[in-house]
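By convention in this document, chain letters (A, B, ...) are assigned in the order of the sequence lines, proteins followed by strands, and residues within each chain are numbered from 1. These numbers were taken from a predicted model, which means no experiment stands behind them.
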Amino acid sequence: MLGKKFKQGAFPMEKVVVRQLVRDTKRYINKEVEVNGWVRSNRDQKSFGFVSLNDGTHFNTVQVVYEKDSLANFDEVAKFRVGSAVSIQGKLVETPQAKQAFELKATRIILLGDSSEDYPIQPKRHSKEFLREVAHLRPRTNLFSAVFRVRSLLAYAIHKFFQEKGFVYVHTPIITANDAEGAGEMFRVTTLDPKEPPLNEDRNVDFSEDFFGRRTNLTVSGQLEVEAFALAFRDVYTFGPTFRAENSNTARHAAEFWMIEPEIAFADLKDNMNLAEDMVKYIISYILNNAAEEMEFFNKFVDKGLKDRLNNIVNSEFAHITYTEAIGILEESGEKFEYAVKWGNDLQTEHERYLTEKVFKKPVFVKDYPKDIKAFYMRVNDDKKTVAAMDLLVPGVGEIIGGSQREERADILEQRMAALDINQEELRWYLDLRKFGGVKHAGFGLGFERAIMYITGVSNIRDVVPFPRTVNSCEY
RNA sequence: UCCUCGGUAGCUCAAUGGUGGAGCAACCGGCUGUUAACCGGUAGGUUGCUGGUUCGAGUCCAGCCCGGGGAGCCA
């Protein structure tokens, strides 16, 4: 439909979107076009005025000039409020001396949808906290227009990266019967009546009466399932929603978020880290090259060092250290940490930030963590004390990727599950993968929103999710 | 869940325990090139809720609700 010619009176007029005008300006200069969009601002004077028009197809607005002499409904147009939807016909002209490269000299302006006096989005700075309360309107602001366009491009870049490498995209289930996925509290999925659930002989809720005939939850990770596909397709990835019912109240946690989980067979931890580094560099490059206006905006108004930092990452090798080396660096740093640095304890946020922001000043992989602080499926190293796990820490956001080589030796995996009191019957299928052609394999999870935060500089996860779900908050 | 800071006009913020204000937005008017336009005017308030102290509470105290920042858990 867009770009198609249609009859307007006796003259054909091309209906265009702002993206076309920006990308292909020369083609439209001195031509009559029609643009539909929403008014960002309207500044009228005695005999002329300016509308900043945004149609959502590009970060930029188009300046529309309207004059009393050439517009029959000048007086009405002068009163069009911010947020109104309008249709504008006019001639595109170059404006070399002005702030913008071109503008639209209107010949006809029609109000398509009025915006009432109490429209909350004003042509001024708003706090992000306020805009969260009007999540249905905030995509019309510069910041959120840029964030959500980058979100879309980033999803595409991730698919592009994996598809170009021949990875198979796997839709792992959203509803799962595993409650041993090992990543925190889960949301129950049920059709039972909460007021009068069926009870069994022990007067507990009888889940055999439930929809699936058993207890089910929303997934906290597609990893276990995607391992099955890695052992059939070799290189695979998931990219979908994930749900955690943790009572986490931070700028980096949401109850519903998206995660990318590649899994590669015939591959070890080193291959896994190489893949993660390639992917991070690829998606950053893609956004820098395909969202220039948005990145310029973030660099100017959100984080002044953003572009330099991202360019630096694309062009530098990520640092690699072992957990044990990390502990050594922290112990010798002389820094006063709130939490004690001790081999066997997990690294705290303050430790991670010190490593990535102060010591290396770039992304750093930390690998070979003590097995007692990591999940059952991670491969036990030869030292029997550590597992082949890795976290990628980045300045500003902290942990963005967590991954591991998986334990492919059935006997050791069973020992680990027994030690951690994990029900082997429920995960029989997972153990089967080791029994029938099991090979070394590895994978990681990338928090999609954390990647967006890292690339845009936006520091709260609630501002990179269209309609965020967090503890005690599920509006819209 | 814990620590911490905050809640005053639609928004962003002022106001020593003593008559609640400003800028922006809205509305009315002015202005021949604005782009966070500018200039003049008008309107706009149960100071988050409940209770307490006081002659008097936006201000002090208690409880609750909501939000920010930090921590834990993690992606």
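- The residues A:Glu317 and A:Lys362 are annotated as not salt-bridged, no charged nitrogen and carboxylate oxygen being separated by less than 4.0 angstrom.
- Closest contact between the side chain of A:Gln45 and the listed nucleotides B:rC27, B:rC74, B:rU32 involves B:rU32.
- When distances are taken from the side chain of A:Arg462 to each of B:rG68, B:rC27, B:rG33, the shortest belongs to B:rG68.
- Applying the 4.0 Å criterion to OP1 and OP2 of B:rC74, one finds that A:Ser248 has every side-chain N and O outside that range.
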ask   = Can A:Tyr169 and A:His171 be said to form a ring pair (Phe, Tyr, Trp, His ring centres under 6.0 Å), step by step?
value = CA-CA 7 Å; A:Tyr169 177 33; A:His171 291 132; 4.5 Å; yes

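- A cation-pi arrangement is absent between A:Lys160 and A:Tyr282 under the rule of less than 6.0 angstrom and at most 45 degrees off the ring axis.
- Spacing of C1' atoms, B:rC38 relative to B:rC3, comes out at 48 Å, to the nearest Å.
- For the P atoms, the distance linking B:rC11 with B:rG72 amounts to 34 Å, nearest Å.
- One cannot find a donor-acceptor pair under 3.5 Å joining the base of B:rG72 and the side-chain atoms of A:Glu246.
- Looking at the side chain of A:Glu129, the nearest of the listed nucleotides B:rG68, B:rG72, B:rC11 is B:rG68.
- Close to B:rG69, at under 4.0 Å from its OP1 or OP2, lies a side-chain N or O of A:Asn460.
- For the OP1/OP2 pair of B:rA36 and a distance below 4.0 Å, the side-chain nitrogens and oxygens of A:Ser41 include no atom meeting the criterion.
- Distance noted for atom P between B:rC5 and B:rA43: 40 Å (whole Å).
- At a cut-off of 3.5 angstrom, counting only N and O atoms as typed in the model, there is no donor on one side facing an acceptor on the other between the side-chain of A:Glu67 and the base of B:rU32.
- As rounded to the nearest Å, B:rG41 and B:rU4 have C1' atoms that lie 45 Å from one another.
- Residues A:Phe448 and A:Val464 are not in side-chain contact: their nearest non-hydrogen atoms beyond the backbone lie 4.5 Å or more apart.
- For B:rG70, neither phosphate oxygen OP1 nor OP2 lies less than 4.0 angstrom from any side-chain nitrogen or oxygen of A:Arg252.
- Base-pair partner of B:rU59: not found among the strands shown (Watson-Crick or G-U wobble, both distances under 3.5 Å).
- The residue A:Thr242 sits apart from the nucleic acid: no heavy atom pair falls under 4.0 Å.
- Residue A:Arg132 places at least one side-chain N or O under 4.0 Å from the OP1 or OP2 atom of B:rG68.
- Within 3.5 Å, a donor on the side chain of A:His253 pairs with an acceptor on the base of B:rC74, or the reverse.
- Side-chain N/O atoms of A:Gln122 and base N/O atoms of B:rG10 include a donor-acceptor pair closer than 3.5 Å.
- When each of B:rA26, B:rG70, B:rG72 is scored by its nearest atom to the side-chain atoms of A:Thr250, the top-ranked nucleotide is B:rG72.
- As rounded to the nearest Å, B:rU47 and B:rG20 have C1' atoms that lie 8 Å from one another.
- No hydrogens or angles were tested; on distance alone, nothing pairs the side chain of A:Lys79 with the base of B:rG29 as donor and acceptor under 3.5 Å.
- Checking A:Val65 against A:Pro123, the closest nucleotide of RNA chain B that is more toward the 5' end is the one next to A:Val65.
- Ion pairing between a basic and an acidic side chain is recognised when a charged N comes within 4.0 Å of a carboxylate O; A:Glu449 and A:Arg151 show such pairing.
- The aromatic rings of A:Trp258 and A:Phe239 sit perpendicular to each other, their planes meeting at more than 60°, with 30° as the lower class boundary.
- For B:rG72, the OP1/OP2 oxygens have a side-chain nitrogen or oxygen of A:Gln348 closer than 4.0 Å.
- The pairing partner recorded for B:rC2 is B:rG70, the criterion being a Watson-Crick or G-U wobble arrangement whose two distances lie under 3.5 angstrom.
- Closest-nucleotide positions on RNA chain B for A:Lys99 and A:Ile401 were compared, and the one nearer the 5' end corresponds to A:Lys99.
- Relative to the side chain of A:Lys124, the nucleotides B:rG23, B:rC31, B:rU1 differ in distance, and B:rG23 lies closest.
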